[in-house]
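Here the structure comes first, spelled out in structure tokens, and everything after it is commentary.
A quick note: this is a predicted structure, and the numbers were derived from the prediction, not measured. Just so we're on the same page: letters track the sequence lines, and every chain starts at 1.
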Amino acid sequence: MDRWLSHIDSSTVLWGQFIIYTVYCLAIISLVAWFALRITNTKPSWFKVSPKLFYGWVIFLVVVGVGLHITTFLTIPWSRVDLSGTGDVKATYNITIGYPRDDTNTRQKDAQGNFLGALWTFDPSQLDADSNLPVPCDELVKFSVTSTDLTYGFGIFRENRSLVAQMQVVPGHPNDLSWMFVQDGTYYIMSTEYSGPLGSDLVADTHIVVTGCQ
Amino acid sequence: MNGHEGTFKPSAMTPMQKMTLKYVVFALFYYAFAVIEGMIMRINLVEPMGWVDENRYFAMLTAHPLVGIFGASYLMVFGAFTFLVPFLMKKPLWSYKLANWTLWLIVGGVFVFWSDGFLTHYAPLYTLYWPLPADFTQFNPVSGALFILGIAIVMVGTGLYVLNIFKTITYTPKGWVKKHSAAAMLGDALGTTSIKLFFQGKILRKREFLTPLPVASIARGSVDVLFNVGIILFTGVLILVYMVAKIFGVSLSNTAIDALLYKNWYWWGLDLIADGLVLIFVAGAWYLLAQLITGREVFMAKWARAALGLELVVSWTVWSHHLLSDQAQPAALKVGSGEIVTAFELITQGLAFFITIVTLWKARPLKMDNPLKFLIGGLLGFALAVPAGIMQADAGLNRVLHNTQWVVGPHVHVAVLVGLTMTLYSAVYFLFPILTNGATLWSQKLANWHFWLHLIGGIGMGAFMGMAGLQGMMRRQYEQPAFQSYMVLAAVSGALLAAGFICFLVNIVMTLGIRGALGIFAPAKFSPSEIVPGSDLAVEVAEEPAAPSGSDSSDEVVSAG
């Protein structure tokens with residue numbers, strides 16, 4: 001992956017989107033307000049509408065609609081890795097989410113007899129002494145997440161609660177997210193999909209700890 | 001008690017007028033449900049209230065969109081179309097009885113699933129991702145079965161609506177001379193005649209359409225309504241099998257159903273509403289309102305008709321944008337259906353926006369009355385919400401937007417509350433004097449307050465939800481204190497929306513009077529074929545109903561839609 005592109009953090013993409021969409025909103029609100037004022041005006045307008053303008057508008061919409069995806073494909077680093085499913089992955093982390101079960105595959109209950117909610121489970125051999133997941137910076141890594149029952153989400157969040165990346169975790173299917181961290185720090189994992197009242201706040205005790213950024 | 005200046009006289013109303021107003025009354029009733037539930041959840045996101053525990057919160061989150069879609073929007077739209085199709089086609093509704101059945105089935109079905117959720121807290125959300133609806137460690141199978149039963153009743157009523165609409169478009173009333181076959185009428189309404197002419201190389205020839213443009217829109221949107229009925233009923237039966245088995249003590253294997261295949265199937269069906277009939281019906285409503293407000297033909301009418309046909313096809317092939325974060329979903333579907341086909345929604349809705357704006361512009365100067373200002377509000381709502389949706393329907397951006405408040409704020413709530421609801425309010429303000437035989441509104445000031453509170457509240461709520469979403473706030477979690485400041489602002493905006501709705505309700509009640517409002521439910525004296533007093537549609541008119549959109553000689557190209 002191109003070195004420069006790889007250093008675009010997802011927060012940069014979100015700020016870009018915020019600015020572009022805000023500017024668009026202000027422009028369209030202003031345009032519609034101007035339109036609403038002018039259509040009640042009795043003075044003749046210099047602005048004439050012809051079928052040519054209509055065809056031009058059609059072309060504009062096609063260019064914007066398709067151009068958006070081409071632009072993001074070329075500028076957002078993870079788009080290509082995601083869609084092609086390729087990339088030089090340096091490490092794969094196996095993670096499981098689902099209801100805790102005993103040896104006979106029966107759902108476990110708490111002391112009051114209520115079923116326990118879902119839990120995140122990590123491969124112990126990949127954890128450090130603090131039971132966190134050490135991940136290298138500037139390297140493409142893969143999170144391979146399995147659901148043992150319901151549909152969940154796998155979300156990586158910064159300490160300020162902003163979202164780094166997420167994917168759906170569908171039972172019976174591979175759910176692999178390839179990602180490259182570009183900033184050192186501690187990141188936490190939370191389910192981003194609703195899985196019933198028992199699973200409304202599924203935060204993993206194990207955190208991702210990224211080190212080694214230049 | 002008797003309403004404003006006593007101008008509203010329910011005894012002078014026809015059965016069609018009364019029935020349409022009944023649809024409106026129940027739609028507003030359920031809209032109030034959705035507003036109250038929405039506000040409770042919104043306040044709870046600011047400061048959790050003790051009595052709204054997680055089970056109750058998610059039961060509300062499950063019922064809120066379903067009550068809003070089926071209880072409020074479906075009833076409002078079906079009521080308006082059941083009145084407008086005979087009105088525009090200048091022939092009686094095929095079955096007045098069936099229209100009543102539709103009304104009561106939807107009203108009853110919504111109440112069944114809402115009250116079930118309220119009492120038993122069944123909460124798999126409207127997404128029903130497999131196997132959550134059949135997770136009987138979290139939900140009771142009996143409450144689940146009742147919930148599905150309520151939805152099924154709504155779907156039966158919806159199916160009857162579709163039957164009534166298509167029969168009304170295609171049938172020849174008793175005693176009339178048959179001028180066109182049912183197949184010809186249907187082909188014209190759905191656009192298959194144009195497709196046939198296109199392949200015969202005759203599409204550029206000048207011809208007259210048999211159905212007005214708004215009726216073509218209603219017919220095409222109703223195709224999606226029908227498909228959606230099939231999908232939801234099938235899905236409901238599937239879930240019901242698991243529930244009934246559980247009730248009788250048999251546990252069926254959840255893994256017998258593939259969760260990803262189910263998700264594809266489910267979104268294919270749901271997008272027939274969200275990306276199909278809503279956009280088609282809204283475009284049709286814009287064209288109709290623009291025609292009625294200006295008294296002119298719609299600009300580039302044949303293109304407008306073609307765009308409606310294109311939107312119908314797009315709605316069948318667009319579902320995969322909901323699965324851009326599902327890694328097992330094939331990349332070809334993500335790019336093809338999820339990104340490229342979805343981009344066509346920008347094109348079809350952009351065309352509808354442009355055509356409506358230009359139609360209004362060409363008729364300058366216009367009086368800024370209630371239908372016009374709400375129509376412009378509706379146009380602005382979709383101009384804001386559709387690009388927000390196109391952004392999240394991008395593989396790269398979806399990685400950081402999926403399931404955040406961005407999706408449900410600037411896209412869903414702005415589309416539904418500002419785009420769709422303001423368009424519906426425009427229709428309500430326009431049709432109000434027609435349905436009430438000229439009752440005059442109690443207060444124009446209140447109507448103005450309704451407009452500004454709704455517009456500012458709707459856009460504000462979407463904006464603050466969106467800002468929270470861009471900073472990582474999820475859409476389906478019980479407590480997220482990190483975003484409290486955004487939630488306070490969104491709640492204030494929601495309160496403005498609710499205040500706008502109260503202004504509207506007070507104005508309508510004061511206009512009709514308590515006695516007048518109750519009089520809607522008393523039997524009417526006239527024949528159901530009399531749509532407004534003095535115009536019995538059972539009597540055949542001498543001229544063929546003109547299709548205003550088909551004779552626009554200023555258009556350069558004849559559409560294939």
- Hey, is CG on A/D205 packed in by over 12 heavy atoms from elsewhere, all under 6.0 Å? no
- A/T22 versus chain B, heavy atoms under 4.5 Å apart: side chain, backbone, both or neither? neither
- Query: So which part of A/N160 gets closer than 4.5 Å to some heavy atom of chain B, the side chain, the backbone, both or neither?
  - Reply: neither
- Plane angle bin for B/F299 and A/F54 - parallel if under 30°, tilted between 30 and 60°, otherwise perpendicular: perpendicular
- Under 4.0 Å between a Lys/Arg side-chain N and an Asp/Glu carboxylate O for A/R158 and A/D9? yes
- Message: What I want to check is whether the side chains of B/Q329 and B/N264 have a donor and an acceptor closer together than 3.5 Å.
- Response: yes
- Message: Tell me whether the rings of B/F374 and B/F451 are parallel (<30°), tilted (30 to 60°) or perpendicular (>60°).
- Response: perpendicular
- Message: Please output the residues of residues 255-262 of chain B in contact with chain A, using a heavy-atom cutoff of under 4.5 Å, in numerical order.
- Response: B/D258, B/A259, B/L260
- Message: Are A/W179 and A/Y187, when compared by the centres of their aromatic rings, separated by less than 6.0 Å?
- Response: no
- Checking heavy atoms, do the side chain of B/L324, its backbone, both or neither come under 4.5 Å from chain A? neither
- By a 4.5 Å heavy-atom criterion (distance strictly below it), what part of A/I29 contacts chain B: side chain, backbone, both, or neither? both
- Message: If we count only N and O atoms by modelled type, under 3.5 Å, do the side chains of A/T72 and B/D394 hold a donor and an acceptor together?
- Response: yes
- Message: So for A/Y24, is it side chain, backbone, both, or neither that comes closer than 4.5 Å to the heavy atoms of chain B?
- Response: side chain
- Would A/Y21 and B/W406 satisfy ring pair (Phe, Tyr, Trp, His ring centres under 6.0 Å), going step by step from the backbone distance to the final call? CA-CA 12 Å; A/Y21 186 70; B/W406 169 275; 5.0 Å; yes
- Can you say whether B/T127 sits under 4.5 Å from chain A via the side chain, the backbone, both, or neither, judging by heavy atoms? neither
- Query: Is it true that B/K334 and A/D82 make a salt bridge, defined as a side-chain N closer than 4.0 Å to a carboxylate O?
  - Reply: no
- Task: Check each atom of A/V62 against the heavy atoms of chain B and say whether the ones under 4.5 Å are side chain, backbone, both or neither.
- Result: both
- Message: Please classify the contact of A/F60 with chain B as side chain, backbone, both or neither, using a heavy-atom distance under 4.5 Å.
- Response: neither
- Item | Residue part contacting chain A, namely of B/V358, when any heavy atom lies under 4.5 Å | side chain
- Message: Parallel, tilted or perpendicular, judged at 30° and 60°: which one describes the rings of B/Y478 and B/Y57?
- Response: perpendicular
- Ordered numerically, the heavy-atom neighbours of chain B under 4.5 Å found in residues 161-168 of chain A are A/R161, A/S162, A/L163, A/V164, A/A165, A/Q166, A/M167, A/Q168
- Message: Under 4.5 Å from any heavy atom of chain B, what part of A/S195 do you find: side chain, backbone, both or neither?
- Response: backbone
- Which bit of A/F115 is near chain B, if near means a heavy-atom gap under 4.5 Å: side chain, backbone, both or neither? side chain
- Portion of A/T71 that has a non-hydrogen atom of chain B nearer than 4.5 angstrom: neither
- Task: Answer with side chain, backbone, both or neither: which region of A/F18 has an atom nearer than 4.5 Å to a non-hydrogen atom of chain B?
- Result: both
- Query: Which answer fits B/D135, side chain, backbone, both or neither, if we ask what part of it has an atom under 4.5 Å from a heavy atom of chain A?
  - Reply: side chain
- Item | Lys/Arg cation over aromatic B/W361: B/R364, 6.0 Å, 45° cone | yes
- For atom CZ of A/F143, decide whether the heavy atoms of other residues, nucleotides or ligands shown that lie under 6.0 angstrom number more than 12. yes
- Query: Of the backbone (N, CA, C, O) and the side chain (C-beta and beyond), which part of B/L372 lies under 4.5 Å from a heavy atom of chain A, both, or neither?
  - Reply: side chain
